[in-house]
Amino acid sequence: MRASRLFSPTLRKVADAELPGHRLLLRGGFIRPLASGLYSLLPLGWRVLQKIENIVREEMDHVDGQETLLPTLHPEELWVRSGRASKWGPELMRLTDRNNRVFCLGATHEEVITALVAAEARSYRQLPIMLYQIATKFRDEPRPRGGLIRCREFGMKDAYSFDRDKAGTDAVYDEVVEAYKRILKRMELPFRVTLASGGYIGGTDTREFMLISEAGEDALLLCSKCSYGASPDVADWGEKEIRERDTEMLAIERAATPGMRTVEQVTGFLSVRPSEIVKTIICSADGKPVAALVRGDHELNLDLLKKVLGVRSIELAGENMIRSVTRAPVGFAGPVGLENIKIITDEEIKALANFVTGGNEIDLHLKNVNWGRDFEVNQWARLRYAQPGDPCLVCNAPLEAARGIELAHVFKLGTIFSAPLDAAYLDEQGERHFIEMGCYGFGTTRAIAAIAEYSRDENGIIWPLSVAPYQVIIIVVNMEEKAQADLGQSLYQALSEKGLEVVFEDRDERAGVKFKDADLTGIPLQIVVGKHAADGRVEVRRRGRQEKDLVSPEQAIEWCDKEVKSALSEEGIS
RNA sequence: CGGGGCGUAGCUCAGUUUGGUCAGAGCGCAUGGUUUGGGACCAUGAGGCCGGCAGUUCGAGUCUGCCCGCCCCGACCA
C-alpha cells in the first residue's frame with residue numbers, strides 16, 4: 001500500500017480521550033467515534049482486527065471449534081423463553097419490525113445457538129459439538145468508556161460447547177483455556193487468569209483472562225507470589241491466625257455522635273481507626289432480620305452470609321426493618337441490647353476488644369464494647385470480602401489490589417439454557433437428558449484496545465508483528481531525490497513479491513512528518529531510504545527500539561523476511 | 001441513573017466573569033515561493049446557525065429556562 005493513497009488520517013491532538021491507548025488509536029487513524037460507544041474501524045484498525053480474528057479462528061479450529069455465523073437480530077420471544085429478556089432489561093437493544101414484532105439485537109448468543117442445536121441434536125452420538133462465531137454484539141451499556149474497551153457495539157468471538165455430561169464440558173473447557181492462552185501469547189499480551197462471578201449469564205467455573213492495567217475497569221486481587229487471582233467479590237483467602245483479644249475490657253461508654261452515620265464520619269468524630277469500629281448490618285434473611293457484624297474497615301459479603309445462614313434470599317434490611325429491630329434510625333445500629341435477633345459475627349472480631357458500635361439510639365454510639373460481655377455472639381463465621389493483604393488461598397503470600405482489562409471469559413453453563421430451550425438428547429438407554437453447555441467469549445475489538453494500551457510508547461502504538469496492520473514500512477525521506485525514490489520503489493516491489501505486507505511511504509511530506517506518522521501507526525519493521533540511498537544503503541530498525549542498522553537493500557529484505565518468519569513461527573501456530 | 005466537565009472554523013482551543021469594534025488564534029486545508037533526516041518558513045486565500053429551541057433585552061457566543069450531544073468519576077457491567 002502506498003502511504004499517499006492510504007486512508008489513515010493522523011491527528012496531533014485529540015480531546016475526549018483519556019486512556020493513552022485510546023488516544024493513540026484515534027491519533028494513529030485506526031478508529032473514529034460515531035456516537036457514544038460506537039466506533040468506525042478505519043483501514044488500519046480493520047486490518048488489526050482481522051489479524052486478531054484470524055489468530056482466534058486458528059486456535060478455536062485447533063480445538064475443534066466449528067465456525068458459524070448467527071443472526072444479529074433475534075426474536076425477543078427467544079429471550080423471554082430463556083428468562084433473560086427481563087434480566088437484561090434495557091441493556092438489550094430492542095426494535096420492532098413492520099408487523100410490530102419485537103426483536104432484539106444480539107447481546108450474546110446463548111439463546112440462538114441453543115435453539116439451533118435443540119432443533120438438530122437428538123442423540124448422544126451427535127455430541128460433543130463446539131460452535132463459535134466472530135461477530136458483532138450490541139449492548140446498550142449504561143456507560144461506554146475507554147474507546148474500544150467498552151462499547152455499545154463491539155466485536156467478539158463467542159463459542160458454545162454442547163456435551164452429554166459435565167465431564168465432557170470440563171474437557172472442552174480446559175481445552176479452550178489452553179487455546180486462549182495460546183491466542184494471547186500470539187498477540188504478545190501478558191495475562192492473568194482470574195476467578196470471577198457468573199454475572200448476568202450465570203454459570204460456574206467462571207474464569208477471566210485479564211490484562212493487568214491501570215486502564216482496566218475491573219478490580220482484582222492478585223497473589224503477589226503465585227498465579228492466584230480473583231475479582232474481589234469472589235476472592236477467597238487462606239487461613240489467618242486470629243489471636244483472641246488479650247487486652248483488658250474497659251467500662252462501656254456512651255458517646256454522642258450527632259448525625260454521624262458512616263464509618264468515616266464516626267472515625268473522624270471519635271478519633272478512632274476504622275478497624276476499631278464494628279459495623280452492625282441488619283439484613284433480611286428469607287424475610288427475617290439478622291444482625292451481621294464486621295469490622296469497620298471490612299465489607300460484608302452477602303453471599304457468604306447467605307451460605308452460612310443457609311437461607312434462600314438475603315438482602316440488606318429496609319429502613320422499616322432496621323427501625324423495628326434497633327428502635328433507631330439507619331446508621332446507629334449496634335449489637336448491644338438487640339433482642340430476638342440472631343447476631344452473626346465475622347471471625348476477625350474475636351481479636352477486637354473495646355470497640356465502637358452503634359448505640360441503637362439516634363446520635364449515639366458506644367465505646368469500649370466487648371463481645372461476650374456486652375452482647376452474645378450466636379455464630380462466628382467468615383463474612384467479609386477479601387481485601388489486599390489477606391493471605392493467598394494457595395500459597396499464603398499477601399494478596400495485592402490490581403486492575404485489569406477483561407480480554408476473555410470462560411464458564412460452564414450446565415443446563416441453564418438447554419433446559420428452558422429444550423435442548424436434549426437421548427442416551428444409550430434411550431433416556432432423555434438436557435445438554436451440558438459451556439460458553440467461551442473473547443473480546444476481539446477490546447483486544448485491539450488492550451494491545452494499544454499495553455504495547456506503546458509516547459510516540460505511538462508498537463504493534464506485535466502478529467497483529468500489525470502492516471509488517472513493514474518503507475520510509476523514503478525525500479521523494480524528489482531520484483535515488484531514494486527508485487530504491488524505495490524497488491524495495492516495495494521486492495518485499496511485496498515476497499508476500500510481506502508493506503506500506504510504501506511515498507508522500508511528498510517532510511521527513512519529520514513521515515517519521516512521526518510511522519511511529520504513530522506502529523508498523524513494527526521500518527526501512528528508511530534516505531541520504532545513504534545513493535551508496536546503496538538503507539536503515540532498518542524495529543519500531544520502539546533505538547538501534548538502527550545501515551544495510552544493503554538485499555540485507556534489508558532478508559531482515560524483514562527473517563523478522564516476520566521468526567515472529568510468526570515463535571507464535572507456534574499449533 | 002447520581003456527580004463533575006465540556007459543546008465557538010476540519011482539529012486543538014481563547015473569548016462567556018462584567019451583554020455592545022467580538023467572530024478570534026494556532027494547526028490543518030488551497031495557491032505560489034523557499035525548504036527537505038524527527039510534525040519547516042514566507043505570502044495570499046477559503047472556511048462559522050458560537051449544539052438546539054424558547055425567553056430576557058434596543059442589542060445575546062456572553063444572561064435565564066428547557067432539551068440534545070460528548071468526555072470523566074460512580075452505580076451498573078459475559
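Naming convention: chains lettered A, B, ... in sequence-line order (proteins, then strands); numbering from 1 in each chain.
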Under the 6.0 Å and 45° cation-pi test, does A:R446 pair with A:Y39? no

When all nucleic acid strands are considered with a 4.0 Å heavy-atom cut-off, which category describes A:A107: base, sugar-phosphate, or nothing? base

Does A:R507 offer a backbone N or O that forms a donor-acceptor pair with the side chain of A:E505 under 3.5 Å? yes

Please report, rounded to the nearest Å, how far the P atom of B:C73 is from the CD1 atom of A:I149. 10 Å

Which part of the nucleic acid does A:G147 contact within heavy-atom distance under 4.0 Å: base, sugar-phosphate only, or nothing? nothing

A:R32 CZ to B:C70 C1', straight-line distance once rounded to whole Å: 16 Å

Side-chain donor/acceptor of A:R543 to backbone N/O of A:G460, under 3.5 Å: yes

Per side chain to side chain contact (heavy atoms under 4.5 Å, CB included), A:Y132 is matched among A:V56, A:I113, A:L70, A:D61 by A:D61

Any-strand Watson-Crick or G-U partner of B:A14, both distances under 3.5 Å: none

A:I281 and side chain to side chain contact (heavy atoms under 4.5 Å, CB included): which partner among A:I322, A:L305, A:L302, A:L316? A:L316

Could you check whether A:W79 and A:F103 have their ring centres less than 6.0 Å apart? no

What residues form a side chain to side chain donor-acceptor pair (under 3.5 Å) with A:H109, not counting sequence neighbours? A:H74, A:Q133, A:K137

Hey, what are the protein-to-nucleotides 6-8 of chain B N/O distances that come in under 3.5 Å?
none

Decide yes or no, distance alone: a donor-acceptor N/O pair under 3.5 angstrom between the base of B:C77 and the side-chain of A:R150. yes

How would nucleotides 26-39 of chain B be written as a contact map, 5' to 3', with B for base contact, S for sugar-phosphate-only contact and - for no contact, using protein heavy atoms under 4.0 Å? -SS------BBBBB

What is the distance from atom CD of A:E436 to atom NZ of A:K166, rounded to the nearest 0.5 Å? 4.0 Å

